[in-house]
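In what follows, every chain begins at residue 1, and chains take the letters A, B, ... in the order their sequences are listed. Small disclaimer: the values here were computed from a predicted structure and weren't measured.
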Number of protein chains: 2
Amino acid sequence: MTSDSSRTRAHEPREVRRAQILEAAFQCFSESGYHAASMNDLVRASGLSKGSLYWHFESKEQVFLALFDAFADDYFASWQALDDGQRPLFEVIAGGNELAIRRLLAQPGMMRAWIEFLAHPAARDRLAVLYRRCRELLEDLLERAMERGEMKRLPSAAVSTLLIGAAEGILLQASVDPEFDPLAHWPGVLLALEGGLVA
Amino acid sequence: MTSDSSRTRAHEPREVRRAQILEAAFQCFSESGYHAASMNDLVRASGLSKGSLYWHFESKEQVFLALFDAFADDYFASWQALDDGQRPLFEVIAGGNELAIRRLLAQPGMMRAWIEFLAHPAARDRLAVLYRRCRELLEDLLERAMERGEMKRLPSAAVSTLLIGAAEGILLQASVDPEFDPLAHWPGVLLALEGGLVA
DNA sequence: TTCAATAGACTGACCAGTCAGTTTATGACT
DNA sequence: AGTCATAAACTGACTGGTCAGTCTATTGAA
């Protein structure tokens, strides 16, 4: 009576099921990317039925969007945790990029899904917001570092754009070329930046 | 007798038709991206029949690959034309990036197709080769600039990665956020680099 | 008894690619 | 010049398969 898992299933509260679906979705998207992972794959991976998926999420897109939001929130939280008042600001700045690189590279499929998502019209707003948030955070860190005299005075908007671009470019090159080792290049990039940016 | 275009059609030499198909493909992919543009769209846009498309190209993928190659060749040619012996090398270096940004931004749909392409497994090799070629070209320019004393000595591999990344990052941010003006940031990026990299 | 939650067979649309057949160009041999 | 064989180019209806999303029925919980 307690567990006849084969036929039917206990009704679970919203959040439990959503988490379960999201976990399966992460698995599927990580493996095959957004397009290649079908809703039937999610059905298999979650162990739920299609009807259930569509009860909890409006569409495939919404599933991915939820996943994306979770990823973004988690990323920003980890990044801001670096800014503990102890660490030099330049390390916080560089650390944000390094974090992004390490996270996305750890899940190659997720990187692919991310890229596909860049091309997905419905995702633009979300991504625009994310990039803005990154730029704002970076600009704030840069301004503070400049005020403290930790860095040369330079247009912080441009430098933040450059930093985001550098991380992203490294990720793209790495995602496409297995012989390209992204973190081997990273210290050199920092060195180049420090040569110019750090007082 | 010369032109009864309605019913049947003169047989044209390979290259003429391929060019015609490629032009239609460019139009379609630019408008909707790779996935969203169907072969039937190409049929409509080219004015040929489906059989004809598949006579001249093996698959949709091959059509895009041909388009990609043409774009790449054209890009490298334009870039290398900048290196005329007159121009300071730093301008050639920066010019390559600026060229890429201007070209891809001029065709927003093509930018989208490009991004989709990044996620397309069959395209990886092609892109890996492209990135390598970019890095090699940049490294060579950087080395020469350093030898001539136009720039500070820095690891050229890291700096070339950084430059490619910066351009790419700007493109991505611009493709996603209509309020982000990519070339407004470009001079600042160069300034930041010059601050550090140019002697 | 009521309804949120679950199930999974089903639908309708789409799409890359195929195929059997047609048309045009070529050129060889009268 | 006329005829005909052969190949190259072209046509569009069709196929097989996929996939996001729907529908109706059923179950569990309160």
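- Here the C1' atom of nucleotide C:dT6 and the CD1 atom of A:Ile21 are 11 Å apart, to the nearest Å.
- To the nearest angstrom, C1' of C:dC15 lies 18 Å from CZ of B:Phe64.
- Between B:His35 atom NE2 and D:dA20 atom C1' there is a gap of 15 Å when expressed in whole angstrom units.
- Taking the side chain of A:Lys60 as heavy atoms from C-beta on, and the options D:dG21, C:dT18, C:dT6, the nearest nucleotide is D:dG21.
- Toward the 5' end of DNA chain D, the nearer of the two residues A:Gly51 and A:Ala36, judged by each one's closest nucleotide, is A:Ala36.
- Between D:dT11, C:dG8, D:dA9, one nucleotide has an atom nearer to the side chain of A:Ser49 than all others, and that is C:dG8.
- Here A:Arg17 reaches the OP1 or OP2 of C:dT6: one of its side-chain N or O atoms lies under 4.0 Å away.
- Checked by atom type and distance alone, the side chain of A:Gln173 never pairs as donor or acceptor with a backbone atom of A:Pro182 at under 3.5 Å.
- Note on A:Ser38: only backbone sugar-phosphate atoms sit closer than 4.0 angstrom, heavy atoms only; bases stay farther off.
- Look at B:His56 and you'll find a side-chain N or O under 4.0 angstrom from OP1 or OP2 of D:dC10.
- Counting to the nearest Å, the C1' atom of C:dG17 and the CD atom of B:Glu61 are 13 Å from each other.
- Rounded to an integer number of Å, the gap from B:Met39 CE to D:dT15 P is 20 Å.
- Distance B:Leu53 CG to D:dA9 P: 15 Å, rounded to the nearest Å.
- Within the 4.0 Å cut-off from OP1 or OP2 of D:dT11, at least one side-chain nitrogen or oxygen of B:Ser52 is found.
- Of all nucleotides listed (D:dA20, C:dA16, D:dC10), D:dA20 comes nearest to the side chain of A:Tyr54.
- One can place CG of B:Leu42 at 16 Å from P of D:dG12, the figure rounded to the nearest angstrom.
- Separating the CD atom of A:Glu12 from the P atom of D:dA29 is a distance of 9 Å, rounded to the nearest angstrom.
- Contact annotation: A:Arg14 reaches the phosphate of C:dA5 (side-chain N/O to OP1 or OP2, under 4.0 Å).
- Checking the phosphate oxygens (OP1, OP2) of D:dC10, no side-chain nitrogen or oxygen of B:Trp55 falls inside 4.0 Å.
- You'll find the side chain of A:Leu104 stays beyond 4.5 Å of the side chain of A:Tyr75, heavy atoms only.
- Salt-bridge check for A:Asp41 with A:Lys60: failed, with every basic side-chain N at 4.0 Å or more from each acidic carboxylate O.
- In this structure the side chain of B:Tyr54 reaches within 4.5 angstrom of the side chain of B:Met39, judged on heavy atoms.
- Counting all heavy atoms, side chain and backbone alike, B:Ala37 lies closest to B:Phe29 at CB-CD2, 3.9 Å.
- Side-chain atoms of A:Lys50 and base atoms of D:dG21 include a donor and an acceptor less than 3.5 Å apart.
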